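Before any comments, here is the structure.
Predicted, not measured: the structure shown is a model, and the values here were computed from it. Order of the sequence lines sets the chain letters (A, B, ...), proteins ahead of strands, with each chain counted from 1.
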Amino acid sequence: RISSHGEPAKFQPPPKPVIIDKRKQREERRFLSPEFIPPRGRTDPFKFYIERKDMIQRRKVFNIPEFYVGSVLAVTTADPCANDKVSRFVGICIQRGGKGLGATFVLRNVIEDQGVEICYELYNPRIQAIEVLKLEKRLDDNLMYLRDALPEYSTFDVNMKPVTHLDHEEIPVNKLQVRMKPKPWSKRWERPKYNIKGIKFELPEKKMKEAQKWSQPWLEFDMLREYDTSKIEEKIWKEVSEELKK
Amino acid sequence: FALAPQGLLRTSVSHSFLSFASITGACRAIQKLTRVRVVDNSALGNTPYHRPPKCIHVYNKTGVGKVGDKILLAIKGEKKKALIVGHKMPGPPMTPRFDSNNVVLIEDNGNPIGTRIKTPIPYILRRREGEFSKVLAIARNFV
């Protein structure tokens, strides 16, 4: 085949077929979004049931993809003040908070040397599309320390192409250790209460030892703080997956 | 004097028993004596001086300035009015929060002094297009 340049087109070999071995019994990867799990408290479970019904209703109309803290997302929202009435923001998810319909996630990006964070509500009707450009996990659940890290770790290209992720593969964990700006930081991230694994601390040994003074080793054994969600998750997963299949 | 705390205490708790509760301290937006960052390309905003530009008055009923409020700035020994285009304090959801308190220098009649604004500006300012049309005209990126 001759392309428009007049030179013969480069030979593109046919794409290799992806062989999914169905003989091995693979456990289906179940992902239950964290906002479905009710917080521990004395509220009536009926309230959470009604909220879940509303959340499932919204998910039937609008697809909320699976993502984790550390994945790069692109969100398009309807905005009356924007040029084309839609505004698009690309960023890394640094935090997922809230339960039920008020669930939020914060996206961070550095545009023109200015760090910008936007807290989006997952179930807000103004959101028109959420695309996962890169699905991955990080070593921590909360990446707020990116505010004090060098800006290169928070910059993501606005026009980056989505990285394909095959369904049956496990979600990759990015074991990146981030380098920080010189102290002072917004929070003392070296302290054990934050339990951060994703920072490459370049502090002297003395400071690291001093930070361990604030460790509370008894917290790990405190039985009143335990909240075992495995059974609740099972029930809710069954309920949600059945409703969504309808 | 004590200003009522306006900051939001945001807690996010994970499910492991080694929970990480992140609480941002109560932070106000721009008020008197806050150091700000001038983001346009005006000479007054970009020439280095041994003191950073500071807010000395907020033209508001409360003394706290948010995005779209006018303030009085002390830069290089002179007083200049400015418009707030972004602050570090988290605002309502779906609005951007910047890593620095950004400000655009303005004349008394609302004309901007600089000719270009490279840093992103929130879309919310478009709502008051009447007052800020000239500032929005020189802005390049919107968030």
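Residues A:Y153 and A:Y145 keep their aromatic ring centres 6.0 Å or farther apart.
Proximity to chain A (any heavy atom under 4.5 Å) is shown, for B:F142, by neither the backbone nor the side chain. With a 4.5 angstrom heavy-atom cutoff, A:N124 touches chain B only via side-chain atoms. If you measure heavy-atom distances from B:S100 to chain A, the contacts under 4.5 Å come from both the backbone and the side chain. Contacts between A:F89 and chain B at a heavy-atom distance below 4.5 Å involve the side chain alone, from C-beta outward. Residue A:T104: no heavy atom, backbone or side chain, is found under 4.5 Å from chain B. For a residue to count as touching a neighbouring chain, one of its non-hydrogen atoms must lie under 4.5 Å from one of that chain's; by this rule B:R140 does not touch chain A.
Chosen from B:G86, B:P122, B:P96, the residue pairing most often with chain A at heavy-atom distances under 4.5 Å is B:P96. Counting heavy-atom pairs under 4.5 Å between each of A:R88, A:R108, A:R40 and chain B puts A:R108 at the top.
Judged by the 6.0 Å and 45° rule, A:K187 forms no cation-pi pair with A:W189. In this structure, B:K81 forms a cation-pi arrangement with B:Y59, its terminal cationic atom sitting closer than 6.0 Å to the ring centre and no more than 45° off the ring axis.
Between A:R58 and A:E35 there is no salt bridge, since none of the side-chain N atoms of the basic residue sits less than 4.0 Å from a carboxylate O of the acidic one. The pair A:E190-A:K207 fails the salt-bridge criterion, with no side-chain N (NZ, NE, NH1 or NH2) lying under 4.0 Å from an Asp/Glu carboxylate O.
With hydrogens and angles disregarded, no donor-acceptor distance shorter than 3.5 Å links the side chain of B:D99 to the backbone of A:Q114.
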